[in-house]
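Every heavy atom of this structure was used, including side-chain atoms; hydrogens, water molecules and symmetry mates were not. So you know, we letter chains A, B, ... as the sequences are listed, proteins then strands, and number each from 1. All of these numbers come straight from a predicted model, not from anything done at the bench.
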There are 2 protein chains.
Amino acid sequence: MPEAAEEARPGRANRVAKLPPRERILDAAEELFHAEGIRGVGVQAVADRAGTTKAALYRHFGTKDALVAQWLLIVAADYVAAFDRVEERWPDEPLAQIRGVAAFVVDTLSTISHRGCPFINSLAELPDRDHPARQVIEAHKARQLRRLTAMCAAAGLTDPEGAAAEITFALEGAQVSAQNGSVDRIGERLVTFVDAVLVRHTA
Amino acid sequence: MPEAAEEARPGRANRVAKLPPRERILDAAEELFHAEGIRGVGVQAVADRAGTTKAALYRHFGTKDALVAQWLLIVAADYVAAFDRVEERWPDEPLAQIRGVAAFVVDTLSTISHRGCPFINSLAELPDRDHPARQVIEAHKARQLRRLTAMCAAAGLTDPEGAAAEITFALEGAQVSAQNGSVDRIGERLVTFVDAVLVRHTA
DNA sequence: CTTGCATGATACCGATCGGTATCATTCGGA
DNA sequence: TCCGAATGATACCGATCGGTATCATGCAAG
């Protein structure tokens, strides 16, 4: 039974084992960049984790910075998918959509256990405003705020921009607080909090 | 006029010129770590900026990690001083104290122009939970939350812990939003927001 | 005046960094 | 079947990293 060797490493590994190198590298990058930080992980470590070599990594991405940008593009796509999901699940119910977005962030709070939001962390690690990953981050933040504002407007809230800004505060503050672990019961507090914002902005 | 040479470099530099090396190093570290990130600044660069040498740096701090911890201790002391100030300025007026703390954070929002909160950034750059600077960060966050909770309790708010947690969300979320620049008029929004929290938790 | 300590300058250490070059192997499509 | 592209392995490059050792200077207290 030769294929039994696939279960040698548990979890993610065997699922990834036979993917093309580009996918394996992105998978390894996601894991390592998030766990150790961008500047704390060398390209050799990423290649090793992906079961390939530095040469293959540079053939596909050309630069470590480009790899970082590609990784953040994937993370951003997860958020886009989450917004799509809540819009599909509660059509014509913008208030439910907003609560759905908050619930999505609450879910990520446990997933990203104590290592925080990849975008916030990357922003701290990439002070260079010309870094290719910065464009990805800014585009993501702008898109998220735009969709949130649209939901607030559709819900008939007074001052949709203000409501969306406050909700953004709360979402990002919750992720930071979860990272440093000083505040407990963050998920519940965040939901309560977003509800309060919605109520206050309702005529 | 020999002392006229002191005004050769504008701003901070001449004030620092004749301080003992330890102070100059901490001053340079504060500037560089915040601007470029901890991992983005080498000890040689800190020593150069301080007008001294690596040898002197290691004589005083022993380790780069220890220097980072000392730097964060100073930043934390600034926050402690801010809390002391609002308590001294509005004794027996806890609501005014809380608003004063929020105003202090609003002030820092422009000071730390687009480079974010040193604690949040350092947390992203130091994934190692045993890093000496982590203890400084955790102690700071815990102390800040404790004092904020005490103010909320003194103000007679229902659920002081909840109110303090929500205010913490807002303060940290505002700093992150200021860093990525996606949200405008952050200062006003933060003040509005904290007021709303106080109102909602008032019986 | 002299002694002693902190400082500044410099060279050096091994390790690791991002990135490149070379070459044998493998594998899928014509 | 054969060919060409993609892959894996490995060695190498210059630069920089955190950290150490050495030594001459300068300054301040005895």
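With sequence neighbours excluded, the residues satisfying side chain to side chain contact (heavy atoms under 4.5 Å, CB included) with A:Arg39 are A:Glu125, A:Pro127, B:Arg39, B:Glu125. Partners of A:Gln70 by side chain to side chain contact (heavy atoms under 4.5 Å, CB included), not counting sequence neighbours, listed by chain and number: A:Arg22, A:Leu26, A:Phe61, A:Leu73. Evaluation of the side chain to side chain donor-acceptor pair (under 3.5 Å) rule for B:Asp128 yields no partner, not counting sequence neighbours. By the side chain to side chain donor-acceptor pair (under 3.5 Å) test, A:Asp78 is found to be paired with no residue, residues two or more places apart in sequence or in another chain being considered.
By the 4.0 Å N-to-carboxylate-O rule, B:Glu88 lies too far from B:Arg85 to be salt-bridged with it. Salt-bridge formation is detected for the pair A:Glu87/A:Arg147: a Lys NZ or Arg NE/NH1/NH2 atom is positioned less than 4.0 Å from an Asp or Glu carboxylate oxygen.
Remark: P of D:dG18 and CG of B:Leu32 are 12 Å apart, rounded to the nearest angstrom. Atom CG of B:Leu57 is separated from atom C1' of D:dT20 by 13 Å (rounded to the nearest Å). For the pair B:Lys64 NZ and D:dC17 P, the interatomic distance rounds to 8 Å; values are reported in whole Å. With rounding to whole Å, B:Ile38 atom CD1 is found 15 Å from D:dG18 atom C1'. Whole-Å rounding puts the A:Tyr58 OH to D:dC12 C1' distance at 14 Å. Rounded to an integer number of Å, the gap from B:Ile25 CD1 to D:dG19 P is 14 Å. Rounded to an integer number of Å, the gap from NE2 of A:His131 to C1' of C:dG18 is 12 Å. Summarising the geometry, the separation between CD on B:Glu36 and P on D:dT16 is reported as 14 Å, rounded to the nearest angstrom.
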Please output the side-chain donor-acceptor pairs of residues 164-179 of chain B that fall under 3.5 Å, not counting sequence neighbours, one pair per line with the distance.
from, atom 1, to, atom 2, distance (Å)
B:Glu166, OE1, B:Arg200, NH2, 2.5
B:Thr168, OG1, B:Ala164, O, 2.8
B:Glu172, OE1, A:Ser177, OG, 2.9
B:Glu172, OE2, B:Lys141, NZ, 2.7
B:Ser177, OG, A:Glu172, OE1, 2.9
B:Ser177, OG, B:Gly173, O, 3.1
B:Gln179, NE2, B:Asn121, OD1, 3.4

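Among residue pairs with one or both ends in residues 65-97 of chain A, those qualifying as ring pair (Phe, Tyr, Trp, His ring centres under 6.0 Å) are A:Phe33-A:Trp71, A:Tyr79-A:Phe104, A:Tyr79-A:Phe119, A:Tyr79-A:His140; sequence neighbours excluded. Among residues at least two apart or in separate chains, side chain to side chain donor-acceptor pair (under 3.5 Å) pairs with a member in residues 55-66 of chain B are B:Asp65-B:His131.
Among the atoms of the strands shown, none is found under 4.0 Å from any heavy atom of A:Val46.
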Kindly give the atom pairs (protein nitrogen or oxygen, nucleotide nitrogen or oxygen) under 3.5 Å for nucleotides 6-10 of chain C.
from, atom 1, to, atom 2, distance (Å)
C:dT7, OP2, B:His60, NE2, 3.1
C:dG8, OP1, B:Arg24, NH2, 3.0
C:dG8, OP2, B:Thr52, OG1, 2.7
C:dG8, N7, B:Arg59, NH2, 3.3
C:dG8, O6, B:Arg59, NH2, 3.1

Could you pull out the protein-nucleic contacts involving nucleotides 24-29 of chain D (nitrogen or oxygen on both sides, under 3.5 Å)?
none

